Amino acid sequence: MAAESWIRCWGWGRRCPARPGLPGPGPGPTTPLLILLLLGPVAADITDGNSEHLKREHSLIKPYQGVGSSSMPLWDFQGSTILTSQYVRLTPDERSKEGSIWNHQPCFLKDWEMHVHFKVHGAGKKNLHGDGIALWYTRDRLMPGPVFGSKDNFHGLAIFLDTYPNDETMERVFPYISVMVNNGSLSYDHSKDGRWTELAGCTADFRNRDHDTFLAVRYSRGRLTVMTDLEDKNEWKNCIDITGVRLPTGYYFGASAGTGDLSDNHDIISMKLFQLMVEHTPDEENIDWTKIEPSVNFLKSPKAQDVA
């Protein structure tokens, strides 16, 4: 059974023998985009990577096809992106570069989980490197811009893996992972490291590690979870877990990166999308999920206290 390959990871949980996961809360009514209040860490289900649930049409896996050419099946890339036999390099460790890679196919899964194997590394010392990687699930694709190499005022979901603190007045330790949901009305403020549009985030020491680094993004029935495996311990560590998120189907997965006066190598080794087999109510099944507006239905901005 599909559900039998899910696993339960409680906070810092080790990847454990497979057992059924529990569905998160269902999506609420469509509302204007609201910034959520993160109430605290809760448990998250992470798949065990069972290949029977892998959606190859939305996955980037070695051996890559098209090495040495300017295109590859199922994925488009642009800007400074280069494809090698071992990784997709979005930017080299050089100034003023930006690159991206985008899936050809829109994703019509209501419940999914993306595992990303990535590497950020370079010659720059502490706070002399930048800027980071963005992972996307958005309406538009292949549109370069100022937000980690992709467009601002996007529609959809972004996960930012930010390595450089532009606003040193904020009490935040970098590298830092944050989440943003946008219906096109919000602009990402680089000068504030996206502070005012961030839903939630965590410090994550993923730069210049001498072992593999992974990130998992799970979206199911309105619940968005981000976990990391950065310590070479085969364990997921909870980073972000929020409810009330509404994302449509039919958007595209992608990754982008940018450098400015400071730089790094930003590499994607793999992006693996898994389908989550989740039961929905009849009312949920009757929704036209392609027409849903990206939104977050929650109490208030977690940053409101900072400006009160």
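Computed from a predicted model, the values in this text were never measured in an experiment.
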(request) With rounding to the nearest 0.5 Å, note down the distance linking CD in Glu284 to NZ in Lys110. (result)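 Rounded to the nearest 0.5 Å, the CD-NZ separation comes out at 9.5 Å.
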
(request) Measure the spacing between NE2 of His266 and OG1 of Thr259 and express it to the nearest 0.5 Å. (result)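 With rounding to 0.5 Å, NE2 (His266) is 7.5 Å from OG1 (Thr259).
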
Are side-chain heavy atoms of [X] and [Y] found at a separation under 4.5 Å?
X: Pro63; Y: Ser85; value: no
X: Val296; Y: Ile242; value: no
X: Val217; Y: Val116; value: no
X: Thr290; Y: Pro248; value: no

(request) Scan side-chain atoms only and decide if Thr138 and Asp140 contain a donor-acceptor pair under the 3.5 Å cut-off. (result)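 On atom types as modelled, these side chains do not qualify, holding no pair under 3.5 Å.
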
(request) Would you kindly say whether Asp93 and Ser263 are connected by a side-chain donor-acceptor distance under 3.5 Å? (result) yes

(request) Applying side-chain hydrogen bond (donor to acceptor under 3.5 Å, both in side chains), run through Asp283 and Thr281 and close with a yes or a no. (result) CA-CA 5 Å; Asp283 287 343; Thr281 67; 5.3 Å; no

Heavy atoms of other groups near [X] [atom1], more than 12 under 6.0 Å:
X: Gln65; atom1: CD; value: no
X: Arg209; atom1: CZ; value: yes
X: Asn286; atom1: CG; value: yes

Could you check whether any side-chain N or O of [X] sits under 3.5 Å from a backbone N or O of [Y], counting only pairs where one atom can act as donor and the other as acceptor?
X: Arg141; Y: Asn103; result: yes
X: Thr81; Y: Ser100; result: yes
X: Thr197; Y: Tyr188; result: no

(request) Not counting sequence neighbours, list each pair that qualifies as a salt bridge (charged side-chain N to carboxylate O under 4.0 Å, His left out) and has a residue in residues 96-109. (result) Glu94-Lys97

(message) Could you check, using the six-membered ring where one of them is a Trp, whether Tyr164 and His190 have ring centers closer than 6.0 angstrom?
(response)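 Ring centres of His190 and Tyr164 not closer than 6.0 Å.
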
(request) For the pair Trp112 and Tyr137, name the ring-plane relationship: parallel under 30°, tilted 30 to 60°, perpendicular over 60°. (result) tilted

(message) If the threshold is 4.0 Å, N to carboxylate O, is there a salt bridge linking Asp189 and Lys192?
(response) no

(request) Test Asp267 against every option in Arg207, Arg89, Lys119 by the salt bridge (charged side-chain N to carboxylate O under 4.0 Å, His left out) rule and name the one that passes. (result)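 The single option meeting the salt bridge (charged side-chain N to carboxylate O under 4.0 Å, His left out) with Asp267 is Arg89.
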
(request) Please check if Ile269 and Leu74 belong to a single hydrophobic cluster, counting links between Ile, Leu, Val, Met, Phe, Trp and Tyr side chain heavy atoms closer than 4.5 Å. (result)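 Yes: a chain of side-chain contacts under 4.5 Å links Ile269 to Leu74.
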
